[in-house]
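What follows is a single structure, written as structure tokens, with notes after it.
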There are 2 protein chains.
Amino acid sequence: MSTPATRLRADARRNVEGIRTAALDVFRERGLNSPLEEVARAAGVSKGTIYHRFGGRQGLIEAVVEELVAERIRGIGVAAGEIADPVERFEHYLREIWLLQYDEPAVNDVLLRALPGSEPVAALCEHAAETAARFLADAQATGVVRADVTPEDVDLLIWERGIIARACGQQPREGYRRRLEYTLRGLRAAA
Amino acid sequence: MSTPATRLRADARRNVEGIRTAALDVFRERGLNSPLEEVARAAGVSKGTIYHRFGGRQGLIEAVVEELVAERIRGIGVAAGEIADPVERFEHYLREIWLLQYDEPAVNDVLLRALPGSEPVAALCEHAAETAARFLADAQATGVVRADVTPEDVDLLIWERGIIARACGQQPREGYRRRLEYTLRGLRAAA
DNA sequence: GCGTTACTTGACGTCATGGTCAAGAACCGT
DNA sequence: ACGGTTCTTGACCATGACGTCAAGTAACGC
């Protein structure tokens, strides 16, 4: 949709942009399962137009996922990568991902792999999982993080947080954050 | 419904029992939000009958919640109460509740307070929360469990597990169990 | 300006769920 | 075995979502 083979008419271009913007808003607020009619209303078009322009929910998601979440997930990986201490790096990465899951419900719809068949989304998950695995291995090498934690455990801890954050509703961020630390602390080897 | 003012007709009594049994099955399998039509089918009656006999989902739940989960939740409290070591007692209680949440999806619908306005269900939650708080306080008194953990934290840790267990799907029990230990370990004070 | 074509609309069909109720079936006392 | 009463049924309405398409509207090229 970004560089169409045949140039779009002016109103169509306007609408595509409007829908993208509206989708960012609505998806941020309510997650990727929001009714498309909601997006349509916010964009001031009818839902038929969304189907025309994006082919349905999947296409729409793929059109906004980069701006919506991919950048931020990758940003966290990069920021963590700059931390020298492996344990701190690993824990910082996990903590930030977990907080992002709280702050952006849409992240969970991606991380929960709730969108089978979407190549860009799958790639994003893959990338996040690999980053986590790398950081985990480094952190375990120091002996501070338990050796019996598997990369799959980390994936699932992220998955679990996604489920929680999605259901979080009005839970205060501070308590959520504090409970993250319990799990993080539990990943360390006994002293 | 257990001791009706006016004696029920034979077919009605038969149906009430059939519906209760079917509800136990269906609720165990799919949680307390299963379509009532499902229960009706399993009981070999039509859904109208359920509305007649139990007044709707809420009434039906109240009619089975005792057998479905209350007994087991209380059982865990009692069993834990017999453990002498406060830390072990606290951890055992939490672990068993968490596992029950995995094993019986219906427990979560109760513990998640997803049934506003149901007195017996609310009482059950209350009881579980109080038990947990008591065990927590004892465990903290030994200095082994972090002093900054609040009873509300424990409530919410249980709540979080409920959300997770409910979404768990095909996740293997063993991994679920292992990840519980991370959190449990995280509740202990640093050594 | 005007015809052609791209674009948009919103009503429609569908599905899954919750809940209701008039009409018919089953039971029970006599 | 029959009448009155209790009980059950399943069609019915409502809601809220998805996805489609014929018909109407608006932009573009000339």
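A, B, ... follow the sequence lines: proteins, then strands. Residue 1 opens every chain.
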Side chain to side chain contact (heavy atoms under 4.5 Å, CB included) between L94(A) and F135(A), intermediate numbers included = CA-CA 9 Å; L94(A) 258 189; F135(A) 290 166; over 6 Å; no
Just how far, in rounded Å, is P of dT9(C) from CD1 of I19(A)?
-> 8 Å
Can you check the L60(B) CG to dG19(C) C1' distance for me, whole Å?
-> 15 Å
Please report, rounded to the nearest Å, how far the P atom of dG18(C) is from the CZ atom of R41(B).
-> 12 Å
Is the NZ or CZ atom of R161(B) both under 6.0 Å from the centre of the six-membered ring of Y176(B) and within 45° of that ring's axis?
-> yes
Does G48(A) or E37(A) map to a spot on DNA chain D nearer the 5' end, using the closest nucleotide for each?
-> E37(A)
Shortest non-hydrogen separation from A165(A) to Q101(A) and the atoms involved | CB-O, 3.3 Å
Please confirm whether any donor atom in the side chain of K47(B) sits under 3.5 Å from an acceptor in the base of dG10(D), or the reverse.
-> no
Whole angstrom value for the distance that separates C1' of dC18(D) from CD of E38(A) = 15 Å
What pairs meet the salt bridge (Lys or Arg N to Asp or Glu O under 4.0 Å) rule with one or both residues in residues 86-96 of chain A, with sequence neighbours excluded?
-> R89(A)-D138(A), E91(A)-R188(A), R95(A)-E181(A)
Out of dC18(D), dC7(D), dG10(C), minimum distance to the side chain of P35(A) belongs to dC18(D)
When you get a sec, tell me which of dC7(C), dC18(D), dG18(C) is the closest nucleotide to the side chain of L36(A)?
-> dC18(D)
Is D103(A) salt-bridged to R173(A), going by a charged N under 4.0 Å from an acidic O?
-> yes
Would you say N15(A) reaches dC7(C)'s phosphate, i.e. side-chain N/O to OP1/OP2 under 4.0 Å?
-> no
note: I50(B), atom CD1; dC21(C), atom P; distance rounded to Å ~ 18 Å
Quickly work out the R53(A) CZ to dT9(C) C1' distance and round it to whole Å.
-> 13 Å
Measure from CZ on R13(A) to C1' on dA6(C) and round the result to the nearest Å.
-> 13 Å
Could you say whether T49(A) or G56(B) is positioned toward the 5' end of DNA chain C, judged by the nucleotide with the nearest heavy atom to each?
-> T49(A)
Per H52(B) side chain, nearest of listed nucleotides dA27(D), dT9(D), dT8(C) = dT9(D)
Determine: side-chain N/O of R14(B) to OP1/OP2 of dC7(D), distance under 4.0 Å, yes or no.
-> no
Nucleotide dA25(C), atom P - distance to CZ of R9(B) in whole Å = 13 Å
Report the residue (D11(B) or S34(B)) whose heavy-atom-nearest nucleotide on DNA chain C is the more 5′ of the two.
-> S34(B)
